[in-house]
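No hydrogens, no waters, no symmetry mates; every other heavy atom, side chains included, goes into these values. Sequence lines set the chain letters: A, B, ... in the order given, protein chains first and strands last, and positions in each chain run from 1.
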Protein chains: 2
Amino acid sequence: MDSELILKSIARHIALEPREEEIFLKLLQPLKIKRKQFLLHRGEVCRHAVFVNSGCLRGYTIDANGFEHILSFAPTGWWIADMYSYITQEGGYLNIDALEDAQVLQLSKEHQESLFAQVPKFERYYRIITEKSLVSYQLRTLDNLSLTAQDRYLNFCRRYPSLINSIPQKYIASYIGVTPEFLSKMRKDMQKQGLW
Amino acid sequence: MDSELILKSIARHIALEPREEEIFLKLLQPLKIKRKQFLLHRGEVCRHAVFVNSGCLRGYTIDANGFEHILSFAPTGWWIADMYSYITQEGGYLNIDALEDAQVLQLSKEHQESLFAQVPKFERYYRIITEKSLVSYQLRTLDNLSLTAQDRYLNFCRRYPSLINSIPQKYIASYIGVTPEFLSKMRKDMQKQGLW
DNA sequence: AAAAGAGCTTAAGGTAGATTAAGAATGGGC
DNA sequence: GCCCATTCTTAATCTACCTTAAGCTCTTTT
């Protein structure tokens with residue numbers, strides 16, 4: 001099990017003793033996922049929070065007309081879960097699948113609670129990363145309310161530079177809230193305008 | 001200082017001993033705010049998380065064209081802050097003001113850290129309410145991506161029934177992302193359709 | 001009680017972005 | 001190295017929502 005990346009991510013927020021690292025790592029369950037393979041289907045209970053060691057996952061819904069809407073990408077070094085379902089342990093609303101072959105580390109809800117009991121410092125770690133995630137969704141909400149599709153796309157490019165050339169463009173369209181056709185047109189317009 | 005409401009809110013997530021309650025309450029600073037009075041201007045550092053004991057506040061931005069976009073309402077019993085600024089203690093992007101005369105309890109960032117040091121259980125409380133807030137912004141993001149303005153309005157009515165008749169309609173328009181004129185038209189259409 | 005302001009409604013005309021449909025380019029699986 | 005999938009592009013048409021502007025209804029102020 002490759003634990004270097006996740007320990008580095010944690011060390012950014014709390015300091016662990018070797019004993020505490022060991023407790024934590026024992027609670028993780030490694031898993032390999034193939035491209036297009038699902039980790040979670042809508043309606044299922046999300047039993048694990050998932051840390052991405054390599055590859056890229058996405059969380060998304062399908063609306064009444066069959067269109068996908070991507071809530072989140074999880075490239076290397078990010079966590080992903082259906083937070084609503086993970087918190088309540090009731091059926092969720094997200095599908096989670098892999099955009100590329102991926103290796104992940106899973107932390108079950110029960111193991112997380114056990115971790116909090118054994119090493120209370122982890123409450124702090126999860127509080128802090130949840131706060132950061134909250135801020136990014138707040139910014140995204142304001143972007144959705146106030147920006148044109150073109151500005152949302154430019155923001156996306158700034159915030160996720162690594163994804164621009166590694167995932168199909170249609171997924172970016174689905175994340176920023178436009179059709180693939182319109183994103184294609186925007187990109188052409190931006191080239192003409194010399195913005196690209 | 002009226003502390004009943006905030007203690008009840010906390011008791012829903014963690015159990016406090018009388019001694020711990022006392023420590024907490026001493027760190028709070030009560031404040032009265034008049035309608036239209038500002039708690040925070042864009043660009044300022046958000047030094048306090050604010051719990052609303054009575055009244056209603058809102059957090060919002062103003063875009064490049066001078067239009068307001070409401071990120072959050074904070075009616076009685078809710079917390080509000082510019083989370084980005086509160087976390088980083090750098091200049092923020094939100095204005096926060098009162099829609100009605102209000103009484104609030106302020107917890108400064110320094111006092112919050114002191115609270116975590118003295119009563120680590122509070123890490124858990126803030127983790128949990130941050131998780132819930134995160135989930136509600138995730139749902140809102142998906143609503144913005146997948147729903148029509150009319151469905152977003154119906155959702156708003158379901159989620160904030162107390163606000164529908166207590167705040168001006170133009171603020172609801174600004175929250176769901178339409179112009180006041182269009183919300184007015186939608187409501188008329190919904191009456192005709194018998195949806196109302 | 002008049003005046004001023006703030007919020008709401010109505011309606012005509014405009015635009016960002018969706019829909020539909022077709023063809024072109026890419027790329028993964030065998 | 002070929003084939004079928006998937007993805008991307010282009011363009012015409014359509015629509016949800018915006019803009020502008022005017023008049024109306026409440027409040028609040030004087």
Side-chain angles (χ1 to χ4, degrees), chain A residues 33-37 55-56 58 60 62-70 97-102 143-157 163-193 195-196, chain B residues 34-37 56 58 60 63-70 97-101 143-157 163-193 195-196:
Chain A
I33 315 164
K34 289 251 159 240
R35 200 169 99 90
K36 304 209 171 182
Q37 190 183 325
C56 184
R58 64 169 177 154
Y60 65 99
I62 299 180
D63 71 22
N65 304 310
F67 291 104
E68 294 178 358
H69 302 279
I70 296 182
D97 66 13
L99 297 180
E100 307 164 347
D101 292 358
D143 282 1
N144 287 154
L145 292 176
S146 63
L147 300 182
T148 61
Q150 182 166 306
D151 287 338
R152 294 202 303 278
Y153 178 66
L154 290 169
N155 267 355
F156 184 90
C157 295
L163 291 184
I164 294 297
N165 296 309
S166 71
I167 66 173
Q169 190 171 305
K170 65 171 186 171
Y171 294 133
I172 297 171
S174 163
Y175 181 97
I176 65 174
V178 295
T179 57
E181 293 84 352
F182 189 68
L183 177 52
S184 176
K185 177 184 185 307
M186 279 200 304
R187 283 165 52 95
K188 196 181 65 169
D189 294 346
M190 286 161 68
Q191 278 174 346
K192 280 190 194 160
Q193 293 174 230
L195 260 174
W196 219 232
Chain B
K34 290 251 161 238
R35 199 169 100 90
K36 304 209 172 180
Q37 190 183 325
C56 184
R58 63 168 177 154
Y60 65 100
D63 72 21
N65 304 310
F67 292 105
E68 294 179 357
H69 302 280
I70 297 183
D97 66 14
L99 297 180
E100 307 165 348
D101 291 358
D143 281 1
N144 287 154
L145 291 177
S146 63
L147 299 182
T148 61
Q150 182 167 308
D151 287 338
R152 294 201 303 278
Y153 179 66
L154 289 170
N155 267 356
F156 184 91
C157 296
L163 291 184
I164 293 298
N165 296 309
S166 72
I167 66 174
Q169 190 171 306
K170 64 171 185 170
Y171 294 133
I172 297 171
S174 163
Y175 181 96
I176 64 173
V178 295
T179 56
E181 292 86 352
F182 190 67
L183 177 53
S184 175
K185 178 185 186 305
M186 280 200 304
R187 284 165 51 95
K188 196 180 63 168
D189 294 346
M190 285 162 67
Q191 278 174 345
K192 279 190 195 161
Q193 293 174 231
L195 260 174
W196 217 234

Visitor: Please report the shortest heavy-atom distance between B:H69 and B:S174, naming the atom on each side.
Guide: CA-OG, 3.5 Å
Visitor: So, is C:dA22 syn or anti if syn means the angle is within 90° of 0?
Guide: anti
Visitor: Please report the distance, rounded to the nearest Å, between CG in B:D189 and C1' in C:dA11.
Guide: 13 Å
Visitor: Considering all heavy atoms of both residues, which atom of B:Q169 and which atom of B:S184 are nearest to each other, and what is their separation?
Guide: NE2-CA, 3.9 Å
Visitor: In whole Å, what is the span from the NZ atom of B:K185 to the C1' atom of D:dT15?
Guide: 11 Å
Visitor: May I have the distance from B:F182 (atom CZ) to D:dT19 (atom C1'), rounded to whole angstrom?
Guide: 13 Å
Visitor: Minimum heavy-atom separation for A:I176 and B:L145, please, with both atom names.
Guide: C-CD2, 4.1 Å
Visitor: Taking for each residue the nucleotide of DNA chain D bearing the nearest heavy atom, is the 5' side occupied by A:P168 or by B:T179?
Guide: A:P168
Visitor: With the side chain of A:R35 defined as its heavy atoms from C-beta on, choose the nearest nucleotide among D:dC17, C:dG28, C:dG7.
Guide: C:dG28
Visitor: Using purine N1 to pyrimidine N3 plus N6-O4 or O6-N4 for Watson-Crick, or N1-O2 and O6-N3 for G-U wobble, both under 3.5 Å, which nucleotide pairs with D:dA5?
Guide: none
Visitor: How close or far is atom P of C:dG17 from atom CG of A:N65, stated in whole angstroms?
Guide: 19 Å
Visitor: Identify whether any heavy atom of A:K188 sits under 4.0 Å from a base atom; if not, whether one sits that close to sugar-phosphate; answer base, sugar-phosphate or nothing.
Guide: sugar-phosphate
Visitor: Name the closest nucleotide to the A:Y171 side chain, picking from C:dA18, C:dT9, D:dT7.
Guide: D:dT7
Visitor: Can you check the B:D101 CG to D:dT28 P distance for me, whole Å?
Guide: 12 Å
Visitor: So if I take every side-chain heavy atom of B:S184 and compare against C:dT10, D:dC17, C:dT19, which nucleotide ends up nearest?
Guide: C:dT10
Visitor: Quick check: does any side chain N or O of A:D143 sit under 3.5 Å from a backbone N or O of A:L147, one acting as donor and the other as acceptor?
Guide: no
Visitor: Rounded to the nearest angstrom, tell me the gap between atom CE in A:M186 and atom C1' in D:dT10.
Guide: 15 Å
Visitor: Can you tell me the distance, in whole Å, between the CD atom of B:Q150 and the P atom of D:dC18?
Guide: 14 Å
Visitor: Quick one: which of C:dC8, D:dT7, C:dT19 gets closest to the side chain of A:E181?
Guide: C:dT19
Visitor: Only pairs with both distances under 3.5 Å count, Watson-Crick or wobble alike; so what is the partner of D:dA16 in this structure?
Guide: C:dT15
Visitor: Provide, to the nearest angstrom, the distance between the CD atom belonging to B:Q191 and the P atom belonging to C:dT10.
Guide: 9 Å
Visitor: Salt bridge or not for A:K36 and A:D97, using N-O below 4.0 Å?
Guide: no
